[in-house]
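Reviewing the structure listed below.
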Amino acid sequence: MPEAASPASEAAGRLLGRLAGLGLRHVVVSPGSRSQALALAAVALERAGALRVHVRIDERVGGFTALGLAIETGAPVAVVVTSGTAVAELHPAVLEAHHAGVPLLLLTADRPVELRGVGANQATVQPGLFAAAVQEVVDVPAPGSSEDLAVAERAAERAWRTASASRQPVQVNLAYREPLSGAPAELTAVGGPDDPARSAPAARPVEPGPRTVVIAGDRAGERAEAFARALHAPLLAEVSSGARFGPNLVGAYRALLDDPGFGGRVERAVVFGHPTLSRQVPRLLLREDVETVLVGPPGGEWFDPTGGRASRVGDVVALGADPDRSWTGSWVHASRALLDATDDLPYGGRPDEPGARERREHAKAELSALRAPITRRALVDAVWRATWPHDRLVLGASRLIREADAAVPGKRIRVIANRGLAGIDGTVATATGAGLGMPEDRAGTVRVLLGDLTLLHDAGALLRTPGERWPRLQVVVGDDGGGSIFDSLEVAGTAAAADFERVLRTPRPVDLAALAAAYGWTHRRIASRGDLDRALTAPDPGQSLLEVPLG
Ligand SMILES: Cc1ncc(C[n+]2csc(CCOP(=O)(O)OP(=O)(O)O)c2C)c(N)n1
Ligand SMILES: [Mg+2]
């Protein structure tokens with residue numbers, strides 16, 4: 001006997017099939033009844049080789065996994081959730097995606113119109129839930145006839161086009177009536193990519209002349225480095241800019257911006273990406289005597305602390321190199337000297353022509369340094385040294401990313417950080433998504449460096465999916481007994497110590513070995529710098545948690 005046909009299954013299959021035709025490669029699915037047709041269509045398309053499905057129980061984890069996938073692949077990624085609170089669980093990742101400019105397709109299953117606003121189970125007002133954080137809401141009524149297949153297809157095209165062009169999340173709210181799914185069908189991708197000729201933004205010519213710095217904030221990308229080199233300008237690149245490398249790099253930019261001999265002499269700033277890690281950059285851009293050129297983000301918000309005084313352009317092109325080489329040279333040299341002076345690594349100081357005594361002393365110093373407690377600086381340095389272009393480095397919010405930003409030298413590696421809203425949520429899930437988005441045959445290790453509270457916030461993301469590929473993940477936790485970032489705030493001195501501890505620093509004595517074991521992760525407690533280097537350079541296969549007590 002043929003099983004009952006389900007308009008829900010047919011429409012869901014057509015929607016996802018068309019999305020696959022347009023270029024959708026990853027769908028993150030969370031379980032639910034109302035969304036079953038979408039979830040089953042996604043796995044049918046996976047069987048046909050059209051896309052990959054990643055299943056996550058917790059939609060908040062699913063949302064951040066999709067975010068990581070979209071950051072890594074640069075293309076929209078879909079999430080499938082059921083109705084009600086499941087939709088709201090996506091909100092943190094949607095907000096981050098909105099502010100950072102990352103395209104997501106939120107396929108939110110819903111009740112049909114007759115069941116809305118009548119107190120039906122698991123039904124709320126889903127369109128509009130994300131307010132301005134989505135570029136568009138495509139509200140698709142429950143399918144009933146074969147004409148609705150065309151409606152589903154058009155919804156797919158519209159959502160894909162909007163998300164791709166705006167680099168923003170788009171909600172496709174999909175009502176379904178019972179039967180919520182029907183007989184399994186074989187599905188394939190429908191149609192081809194739709195590639196409206198996208199015109200590159202006009203590039204504004206930038207003449208050499210005024211004393212210029214190039215600032216690369218989060219997600220600035222390699223074009224910031226190329227532009228700084230072409231103009232021969234100092235490159236003040238944050239650690240997650242994607243531009244922290246090259247001959248013009250000024251890693252110690254904060255100290256130099258504070259210095260009247262450097263920051264005080266700047267006449268023009270060209271800003272790429274979203275700088276979030278220093279007070280000095282916004283302060284520089286606020287200065288009336290500094291001409292500011294903001295280079296448009298491909299999506300996301302403009303970073304503009306100038307109150308509209310800055311000029312905004314889609315792209316820039318250097319009209320030649322600054323003939324005054326001393327400007328950039330002085331920044332680069334001063335930066336290198338500053339970074340060397342604050343170095344606490346055990347490896348420096350090798351005598352030029354070591355005699356036997358010097359060699360012995362050097363070896364002794366090296367040995368005792370390897371046994372020394374691990375400082376934040378030593379931790380970020382070790383992680384940075386161990387990370388290579390085929391790896392990914394994901395940095396959690398809080399102190400370690402700031403430490404890395406202040407200290408690490410230039411290296412052309414991919415660093416991901418959720419700086420759109422700088423939340424401590426979703427860090428492990430974002431990293432997992434990034435790893436899943438890397439080409440399988442060329443994927444290295446995804447290393448996550450985060451604080452102890454940031455890990456505990458996303459403990460649910462440690463939950464693996466049996467039978468699905470997971471990337472090689474090395475989660476490195478700098479454990480300093482709660483939110484140490486609050487120690488640097490005024491409240492640390494004004495609040496009663498016990499109150500400060502209870503509501504701000506919030507230390508949690510969690511047994512991380514047991515946490516790791518519960519989720520089947522390898523756990524290592526790192527006691528020395530020697531251990532740290534060994535664990536980082538030869539990462540365990542699969543998923544591992546390195547617990548690093550900070551000294
Ligand atoms: C979702 C979210 N909640 C709260 C905060 C505020 N916050 C910023 S840092 C921080 C503490 C982080 O502690 P930890 O991960 O241990 O890092 P540490 O400060 O010790 O480096 C908190 C709660 C936030 N950024 N995001
Ligand atoms: Mg901490």
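Just so you know, ligand 1 is whichever comes first in the structure, and atom 1 is the first atom listed for that ligand.
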Quiz item: Would you say Ser398 and ligand 1 have an N/O pair spaced under 3.5 Å apart?
Solution: yes
Quiz prompt | For Gly423, the ligand 1 atoms whose distance to one of its heavy atoms is below 4.0 Å | solution = 25 (N), 26 (N)
Quiz item: So, Asp480 versus Ser484: side-chain donor-acceptor pair below 3.5 Å or not?
Solution: yes
Quiz prompt | Nearest-contact summary for atom 13 (O) of ligand 1 - protein heavy atom, Å | solution = Gly483 CA, 3.3 Å
Quiz item: Do any N or O atoms from the side chain of Asp458 and from the backbone of Thr427 form a donor-acceptor pair under 3.5 angstrom?
Solution: yes
Distance-only check: which donor-acceptor pairs under 3.5 Å involve side-chain atoms of residues 76-95, not counting sequence neighbours?
| unit_1 | atom_1 | unit_2 | atom_2 | d |
| --- | --- | --- | --- | --- |
| Thr82 | OG1 | Arg34 | N | 3.4 |
| Ser83 | OG | Gln122 | O | 2.9 |

Quiz prompt | Main-chain N/O of Val55 paired to Thr465 side chain as donor or acceptor, under 3.5 Å | solution = yes
Quiz item: Checking Ser335 side chain against Gly251 main chain: does a donor-acceptor pair fall under 3.5 Å?
Solution: yes
Quiz item: Looking at Ser241, Ser240, Pro275, which one forms a side chain to side chain contact (heavy atoms under 4.5 Å, CB included) with Arg419?
Solution: Ser240
Self-check item: Any N/O pair Ile485/ligand 1 closer than 3.5 Å
Solution: yes
Exercise. Please work out whether any backbone atom (N, CA, C, O) or any side-chain heavy atom from C-beta onward of Ala422 is under 4.0 Å from ligand 1, and answer side chain, backbone, both or neither.
Key: backbone
Quiz item: Any side-chain donor paired with an acceptor under 3.5 Å for Thr108 and Asn173?
Solution: yes
Quiz item: Are Gln280 and Arg254 close enough that a side-chain donor and a side-chain acceptor fall under 3.5 Å?
Solution: no
Quiz item: What is the closest protein heavy atom to atom 16 (O) of ligand 1, and at what distance does it sit?
Solution: Asp452 OD1, 2.5 Å
Quiz item: For the Mg ion (ligand 2), which protein N/O/S atoms are closer than 2.8 Å?
Solution: Asp452 OD1, Asp480 OD1, Gly482 O
Practice problem: Of the side chain and backbone of Ile424, name the one, both, or neither that has a heavy atom under 4.0 Å from an atom of ligand 1. | Solution: both
Quiz prompt | Per-atom contacts of ligand 1 with Asp480, taking only distances under 4.0 Å to non-hydrogen atoms | solution = 20 (O)
Self-check item: Salt bridge present between Arg244 and Glu222 (N-O < 4.0 angstrom)
Solution: no
Quiz item: Going by atom types alone, do Arg287 and Thr292 pair a side-chain donor with an acceptor below 3.5 Å?
Solution: no
Practice problem: Mark up the atoms of ligand 1 that fall under 4.0 Å of a heavy atom belonging to Arg399, in ascending order. | Solution: 21 (O)
Quiz item: Contact between Ala397 and ligand 1, counting heavy atoms under 4.0 Å?
Solution: no
Quiz item: Just by distance, do the side chain of Gln543 and the backbone of Pro471 share a donor-acceptor pair under 3.5 Å?
Solution: yes
Self-check item: Residue pair Trp302, His274: steps toward the side-chain contact (heavy atoms from CB on, under 4.5 Å) verdict
Solution: CA-CA 8 Å; Trp302 285 90; His274 182 192; over 6 Å; no
Quiz item: Looking only at N/O atoms, are Ser484 and ligand 1 under 3.5 Å apart anywhere?
Solution: yes
Quiz item: In terms of residue, atom name and distance, what is the protein heavy atom nearest to atom 15 (O) of ligand 1?
Solution: Thr454 OG1, 2.6 Å
Quiz item: For ligand 1, which atoms sit closer than 4.0 Å to a heavy atom of Asp425?
Solution: 1 (C)
Quiz item: Under 3.5 Å, is there a donor-acceptor pair linking the side chains of Arg447 and Thr387?
Solution: yes
Quiz item: Under 3.5 Å, N or O to N or O, is Phe486 touching ligand 1 that way?
Solution: no
